[in-house]
Each structure stands twice: as C-alpha cells, then as structure tokens.
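Below: the structure, in structure tokens.
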Amino acid sequence: MEAVQNLPPHQQAEFMVKLEQMQMKDSLVMYTNLVHRCFAPCVTSFRSKVLEKTEQSCVENCASRYIKLTQRVGLRFAEHQAMLQKRAEQAASAGTQA
Amino acid sequence: MNFFGQKEEKPAGPDPLFAATTEMEMYTFLFNRMSQTCFEKCLNRKHKEGDLALGEMSCTDRCVAKFLEAQEKVGVILQKANEQQVAQQANMQNMQQSFNR
C-alpha cells in the first residue's frame with residue numbers, strides 16, 4: 001500500500017473522502033452482484049411468483065456464506081500483505097547493512 | 001506493491017492523491033475478483049447450510065494463496081513485456097535519428 005502510505009498530509013483528508021465514496025459504491029456493486037450470484041444457482045423453477053421454501057433458504061444461506069467467504073479472504077489477504085511488508089523490510093535492512 | 005506486484009520507485013510525475021486513489025481501486029478490484037473466483041471454485045452450489053464447511057474453508061485459504069501467487073507471476077511477465085516494448089521504441093527512435101542525419 002505504498003502510494004496510500006506515502007500520501008502527503010495535506011491530501012490525506014481528501015483521500016479519506018474519496019475512500020468513503022469508493023466504499024459506498026463498492027458495497028452497492030457487491031449487493032447487486034451477490035443477488036445475481038445467489039439467484040442463479042438457487043432459483044430454478046417459475047411455477048409461482050413467490051420464492052419456494054427451499055429457494056428461500058438457499059438464497060439466504062448463499063448470501064451468508066458469501067459474506068463469510070469474503071471475511072476469510074480478507075483475513076488471508078491481510079496476512080499475505082503483512083508477509084510482503086515484512087519481506088520488504090528485511091530486504092531493506094539487509095540492503096543497508098551490506 | 002504496485003500494479004505489477006513489485007517494488008516501485010517513487011514516481012516523480014503523478015499526483016500522489018491520484019496514485020493513492022488508483023492503488024485503492026486496484027486493491028478493491030483485486031479483492032472482489034478474488035472473492036468471486038474463490039466463491040465459484042470452492043463453494044458447493046447447493047447452499048444447504050448457512051456456514052462454510054471445513055473443506056470449503058481450507059479450499060478458500062489455498063485459493064487466496066494461489067491467486068496472489070499467480071498475480072505476482074503474471075505481473076513479472078507483464079513487466080518484462082513492458083520493458084521490451086520500451087527498449088524496442090528506443091531502438092526505433094535511434095534508427096530514425098540515424099536515418100535523418
């Protein structure tokens with residue numbers, strides 16, 4: 001996250017505003033995608049206008065599982081980033097010692 | 001980590017706010033794409049339960065690790081291709097200049 005960390009202080013406030021906007025947009029995009037992603041495998045018949053019990057639980061489970069998946073992905077991603085950061089710091093300190 | 005997944009030197013040119021915003025967008029896009037891909041590859045489509053199964057959880061961990069490694073490898077290849085293109089353009093310019101003399 002180099003460009004983010006190296007941001008000069010007078011631009012940090014502006015960046016936070018942009019970040020908030022990006023997060024808002026991203027959550028709307030995620031919502032739409034999630035609906036599609038869960039509708040496709042779960043809803044298969046169109047005998048009635050109302051979701052059947054199985055379809056309802058499938059959609060709910062699907063959404064809940066996707067959220068849990070994104071949480072887990074975020075966790076592993078953060079671990080990976082920390083590992084990269086550590087590797088970079090070790091390389092930098094090895095470079096200064098050499 | 002820059003777009004190609006490697007260390008980047010401090011750019012003299014681009015506005016730091018633009019660089020930070022673009023970097024954030026890149027990470028958001030990466031995260032979303034990784035989540036979608038691992039969802040498709042690892043999770044059972046039946047969705048009988050509200051929780052992840054143990055196998056699905058380990059599949060997710062491995063999926064994330066592999067995805068990031070693949071991204072790094074692709075980044076290296078793209079970087080090399082970029083460098084080759086820059087070198088080729090420099091050669092073309094040199095040739096043109098020698099013809100114009």
Side-chain angles (χ1 to χ4, degrees), chain A residues 1-19 21-23 25-27 29-30 33-34 36-38 40-42 44 54-55 57-81 83-85 87-88 91-92, chain B residues 1-3 5-11 13-54 56-72 75:
Chain A
M1 289 266 189
E2 288 187 11
V4 173
Q5 284 166 349
N6 296 335
L7 205 52
H10 68 279
Q11 287 185 321
Q12 277 175 6
E14 200 180 336
F15 177 69
M16 291 312 282
V17 170
K18 288 217 166 161
L19 187 63
Q21 289 172 344
M22 272 167 57
Q23 282 175 339
K25 187 175 170 189
D26 188 49
S27 56
V29 166
M30 193 191 67
N33 284 340
L34 184 54
H36 172 254
R37 200 166 291 282
C38 292
C42 288
T44 45
T54 48
E55 292 174 340
S57 58
C58 180
V59 165
E60 284 169 4
N61 288 342
C62 171
S64 154
R65 272 147 65 88
Y66 188 82
I67 301 295
K68 289 181 179 148
L69 177 103
T70 50
Q71 285 168 351
R72 197 176 181 94
V73 166
L75 192 64
R76 297 288 171 244
F77 187 45
E79 283 174 4
H80 182 264
Q81 288 294 92
M83 187 266 292
L84 283 183
Q85 179 91 340
R87 204 196 283 173
Chain B
M1 181 169 88
N2 73 355
F3 183 70
Q6 294 179 333
K7 271 235 151 279
E8 82 185 328
E9 48 268 296
K10 300 227 183 297
D15 170 35
L17 182 65
F18 174 76
T21 316
T22 310
E23 191 180 54
M24 214 60 210
E25 279 178 4
M26 189 274 281
Y27 277 112
T28 310
F29 185 71
L30 167 68
F31 182 78
N32 287 338
R33 185 52 69 96
M34 194 160 52
S35 300
Q36 288 169 13
T37 308
C38 294
F39 184 82
E40 280 163 25
K41 289 202 179 276
C42 286
L43 262 57
N44 184 357
R45 295 189 106 214
K46 292 273 171 70
H47 299 303
K48 287 192 181 137
E49 297 271 318
D51 283 308
L52 297 172
L54 195 58
E56 290 171 337
M57 285 200 275
S58 23
C59 178
T60 307
D61 294 344
R62 291 169 197 157
C63 178
V64 170
K66 285 196 168 186
F67 195 96
L68 291 169
E69 196 183 331
Q71 192 213 12
E72 212 173 317

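Proteins get letters first, then strands, A, B, ... in listed order; numbering begins at 1 in each.
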Report task. Any chance you could lay out the side chain to side chain contact (heavy atoms under 4.5 Å, CB included) test for A/Asn33 and B/Gln36, step after step, and finish with the verdict? Result -> CA-CA 9 Å; A/Asn33 284 340; B/Gln36 288 169 13; 3.7 Å; yes
**Report entry** Test side chain to side chain contact (heavy atoms under 4.5 Å, CB included) applied to A/Arg37 and B/Glu40, step by step
**Finding:** CA-CA 9 Å; A/Arg37 200 166 291 282; B/Glu40 280 163 25; 2.9 Å; yes
Query raised in the report: Under the side chain to side chain contact (heavy atoms under 4.5 Å, CB included) criterion, do B/Tyr27 and A/Gln81 qualify, and how do the steps go?
Result: CA-CA 11 Å; B/Tyr27 277 112; A/Gln81 288 294 92; 3.3 Å; yes
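Minimum interatomic distance between B/His47 and A/Cys58 (heavy atoms only, all atoms of both residues): CB-O, 3.7 Å. Annotation for A/Asn61 and B/Glu49: closest pair CB-O, 3.1 Å, computed over non-hydrogen atoms. Between B/Pro16 and A/Leu7 the shortest heavy-atom distance is O-CD1, 3.3 Å.
Rounded to the nearest 0.5 angstrom, B/Lys46 NZ and A/Cys62 SG are separated by 14.0 Å. Note: B/Glu25 CD to A/Lys18 NZ = 9.0 Å, rounded to the nearest 0.5 Å. We find the CD-CZ distance between B/Glu56 and A/Arg72 to be 10.5 Å, quoted to the nearest 0.5 Å. Summarising the geometry, atom OG1 belonging to B/Thr21 is positioned 8.0 Å from atom CD belonging to A/Glu14; distances are rounded to the nearest 0.5 Å. Atom OG1 of B/Thr60 sits about 4.5 Å away from atom CG of A/Leu69, to the nearest 0.5 Å. How far SG of A/Cys38 is from CZ of B/Arg45: 10.0 Å, rounded to the nearest 0.5 Å.
Neither the backbone nor the side chain of A/Ile67 comes within contact range of chain B; no heavy atoms are under 4.5 Å apart. Residue contact with chain B, scored on non-hydrogen atoms closer than 4.5 Å, involves the backbone and the side chain of A/Lys68 alike.
Every residue meeting the side-chain hydrogen bond (donor to acceptor under 3.5 Å, both in side chains) condition with A/Gln11, not counting sequence neighbours, appears here in chain and number order: B/Asp15.
When the shell of 6.0 Å around CE of A/Met16 is examined, it contains 12 or fewer heavy atoms from other residues, nucleotides or ligands. Atom CD of A/Gln12 has more than 12 neighbouring heavy atoms from other residues, nucleotides or ligands inside a 6.0 Å radius.
When side chains are defined from C-beta on, B/Val64 does not count as touching A/His80, because their heavy atoms never get closer than 4.5 Å.
Side chain of A/Arg65 to backbone of B/Asp51: a donor-acceptor contact under 3.5 angstrom is found. The main-chain N or O of A/Thr70 is never found under 3.5 Å from a side-chain atom of B/Ser35 such that the two would form a donor-acceptor pair.
Ring geometry for B/Phe39 against A/Tyr66 counts as perpendicular: the plane angle is over 60°, on a 0 to 90° scale with 30° as the lower cut.
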